[in-house]
Amino acid sequence: MACVDFTKGVVDSYMQKTYRLLGIMIIVLAGMALAACGGQGNESNNADNQNENGNLGEESLTLGVDSYVSNTSNTYLAKLLLEEIGYNVEINQTDVGVEYTGLNDGSTDAIVGAWLPTTHESYWEEYKDNLEKINTVTEKVELGLAVPAYMEDINSIEDLAQNTNNVGEKLEWTITGISPGAGEMELMESDVMPGYGLKKNWDLLESSGAAMSAALSDAIEQNEPIVVTLWTPHWTFNAFDIKILDDPKGTFGEPDDVFSVAGKDFKEQSPAAYEFLEQFSITKENTQSMMLDIKNGMDEEDAAQKFIDNNPDLKEKWLDGIE
């Protein structure tokens, strides 16, 4: 009888251990199943992320820009918005000619400051077979010669040619220009000055956008005459009372539009960036608000970020369907 009890005890002990082992195995297997499900969820999330990143395409972008604040402010604005989409964006600030050669050889991906059909005409004609206009960034920007409003007798480029009120002697026959590579300077040399016979007496002084603005500011502060090459949008029109001289011969041509431009493979290379540029446009007035902040000492990128923060409706419009 004792032997039977002993045997029963051994069997009971063995069965208990077996049940415990089976219980542990069930828990382990359940855990593995849950982990597998979780892994599938992660794989699904990863696939979603890959799909999202796939829409980005090439994620490192270079935006070209010249030195003019009307273009740099809009370029930094585009940079910040593209970075919100997920791109790594570098800005390459050069002269206009290098912008277009960069677009042509692929070292620059896109620009948002192509002034066409007039100002950048020579560059566009040279490289247009490899480039694409994506969207109109700003409508009806104009070029011209400008003077302070207090130069009451000077209202037309013809007044310069006719030396009205001895304006030539007062200015030492000098028109203050911008950088020599700028489209407006080329237009001055090829069309405006020959068209009005200005080359006979007048000189076009090469400088830069910043130097021209400084010379204009200094002259106005001292109530002195000055003639400068100018364009809209420009912060000086908000800061001073300035007038653009009439151009009865139409040598400056019709006002340009500003376009975003990229190489023909950009849409395939970075589709989400292309989609953004299709939706990116801004008024002259909004551009000038950033330009004024920059003129008053704010960094270009900070001025662009301030504009984004103050205009959430525009941000939503520009990023609609992309984020």
Ala211 backbone acceptor or donor facing Ser208 side chain under 3.5 Å
yes
Go through the side-chain N and O atoms of Asn74 and Thr287 and say whether any donor and acceptor fall under 3.5 Å apart.
yes
Distance-minimising heavy-atom pair for Ala110 and Leu277:
CB-CD1, 3.9 Å
Indicate, with yes or no, if Phe266 and Ile322 share a hydrophobic cluster defined by side-chain heavy-atom contacts under 4.5 Å among Ile, Leu, Val, Met, Phe, Trp and Tyr.
yes
Quick check: does any side chain N or O of Thr232 sit under 3.5 Å from a backbone N or O of Val141, one acting as donor and the other as acceptor?
no
Quick test of your reading: applying ring-ring contact (aromatic ring centres under 6.0 Å, His included), list the pairs with at least one residue in residues 281-310, sequence neighbours left out, ordered by first then second residue.
none
Can you find a side-chain donor-acceptor pair between Tyr76 and Asp302 that sits under 3.5 Å?
no
Whether the side chain of Gln279 engages the backbone of Asp320 through a donor-acceptor N/O pair (distance < 3.5 Å, no angle test) should be reported.
yes
Any link between Ile178 and Ile242 through a network of hydrophobic side chains (Ile, Leu, Val, Met, Phe, Trp, Tyr) touching at under 4.5 Å?
yes
For residues 143-156, dump all side-chain donor-acceptor pairs below 3.5 Å to protein atoms at least two apart in sequence or in another chain.
| from | atom 1 | to | atom 2 | distance (Å) |
| --- | --- | --- | --- | --- |
| Tyr150 | OH | Ala219 | O | 3.2 |
| Tyr150 | OH | Glu224 | N | 3.2 |
| Tyr150 | OH | Glu224 | O | 2.6 |
| Asp153 | OD2 | Asn165 | ND2 | 3.2 |
| Asn155 | OD1 | Lys243 | NZ | 2.7 |
| Asn155 | ND2 | Glu152 | O | 3.0 |
| Ser156 | OG | Glu158 | N | 3.1 |

Has Asn163 got a side-chain atom pairing as donor or acceptor with Gly168's backbone, closer than 3.5 angstrom?
yes
With side-chain hydrogen bond (donor to acceptor under 3.5 Å, both in side chains) as the criterion, how do Gln93 and Ser67 come out once you've worked through the C-alpha distance, each side chain's angles and the decisive distance to 0.1 Å?
CA-CA 7 Å; Gln93 186 167 327; Ser67 61; 5.2 Å; no
Any donor-acceptor N/O pair, Asn166 side chain to Glu169 backbone, under 3.5 Å
no
Contact between Leu245 and Leu160 at the side-chain level, heavy atoms closer than 4.5 Å - yes or no?
yes
Can you tell me if Gln162 has over 12 outside heavy atoms packed within less than 6.0 Å of its CD?
yes
Evaluate the ring pair (Phe, Tyr, Trp, His ring centres under 6.0 Å) criterion for residues Trp231 and Tyr68: first the C-alpha distance (whole Å), next the side-chain angles of each, then the deciding distance (0.1 Å), finally the verdict.
CA-CA 10 Å; Trp231 61 94; Tyr68 302 109; 5.2 Å; yes
Same apolar cluster: Leu103 and Leu82, side chain cutoff 4.5 Å:
no
Assess, by modelled atom type and distance only, whether the side chains of Asn71 and Trp115 contain a donor and an acceptor separated by less than 3.5 Å.
yes
Can you establish whether the number of heavy atoms outside Glu125 located under 6.0 Å from its atom CD is more than 12?
yes
Spell out, as yes or no, whether a donor-acceptor pair under 3.5 Å connects the side chain of His120 to the backbone of Ala114.
no
Are the side chain of Thr283 and the backbone N or O of Asn286 linked by a donor-acceptor pair below 3.5 Å?
yes
Joint cluster assignment, Leu230 & Leu205, ILVMFWY side-chain distance < 4.5 Å:
no
Could you state whether Val258 and Leu131 fall into the same hydrophobic cluster, counting links through intermediate Ile, Leu, Val, Met, Phe, Trp or Tyr residues with side-chain heavy atoms under 4.5 angstrom apart?
no
Is Asn135 reaching over with its side chain to a backbone N or O of Val137, donor-acceptor style, under 3.5 angstrom?
no
Are there over 12 heavy-atom neighbours, none belonging to Glu316, within less than 6.0 Å of that residue's CD?
no
For a quick test of reading the model, state the closest non-hydrogen atom pair linking Ala303 to Asp293 and the distance between them.
CB-CB, 4.0 Å
For Lys249, is the NZ atom crowded, meaning more than 12 foreign heavy atoms sit under 6.0 Å from it?
yes
Step-by-step side-chain hydrogen bond (donor to acceptor under 3.5 Å, both in side chains) determination, Thr94 to Asn92
CA-CA 6 Å; Thr94 60; Asn92 183 24; 4.9 Å; no
Excluding sequence neighbours, so at least two apart, what forms salt bridge (Lys or Arg N to Asp or Glu O under 4.0 Å) with Lys79?
Glu83, Glu301
Quick one: does Ile294's side chain get under 4.5 Å of Asn296's, heavy atoms only?
no
Counting neighbours of NZ on Lys306 that are heavy atoms of other residues, nucleotides or ligands and sit closer than 6.0 Å, is the number greater than 12?
no
Any donor-acceptor pair under 3.5 Å from Asp246 side chain to Pro248 backbone
no
Flag this pair as yes if the NZ/CZ of Lys200 is under 6.0 angstrom from the six-membered ring centre of Trp173 and inside a 45 degree cone about the axis; otherwise no.
no
Going by atom types only, do Glu59 and Asn88 share a side-chain donor-acceptor pair under 3.5 Å?
no
Under 3.5 Å donor-acceptor, Ser260 side chain and Ile111 backbone
no
For Met290 versus Ile282, what's the shortest heavy-atom pair and its separation?
CE-CD1, 3.8 Å
Tightest non-hydrogen contact, residues Gly181 and Glu186, listed as O-OE2, 4.4 Å
Other residues, nucleotides and ligands only: do more than 12 of their heavy atoms fall within 6.0 Å of NZ on Lys317?
no
Please assess Asp218 against Gln222 for the test side-chain hydrogen bond (donor to acceptor under 3.5 Å, both in side chains), listing each intermediate value before the final yes or no.
CA-CA 6 Å; Asp218 289 345; Gln222 299 175 47; 5.5 Å; no
Applying side-chain hydrogen bond (donor to acceptor under 3.5 Å, both in side chains) to Asp109 and Gln269, what does each step give before you reach the verdict?
CA-CA 9 Å; Asp109 295 297; Gln269 169 197 317; 3.0 Å; yes
Any idea which heavy atoms bring Glu189 and Leu204 closest together, and the distance?
OE2-CD2, 3.8 Å
Partner of Phe252 under side chain to side chain contact (heavy atoms under 4.5 Å, CB included), chosen from Ile157, Asp191, Ile244
Ile157
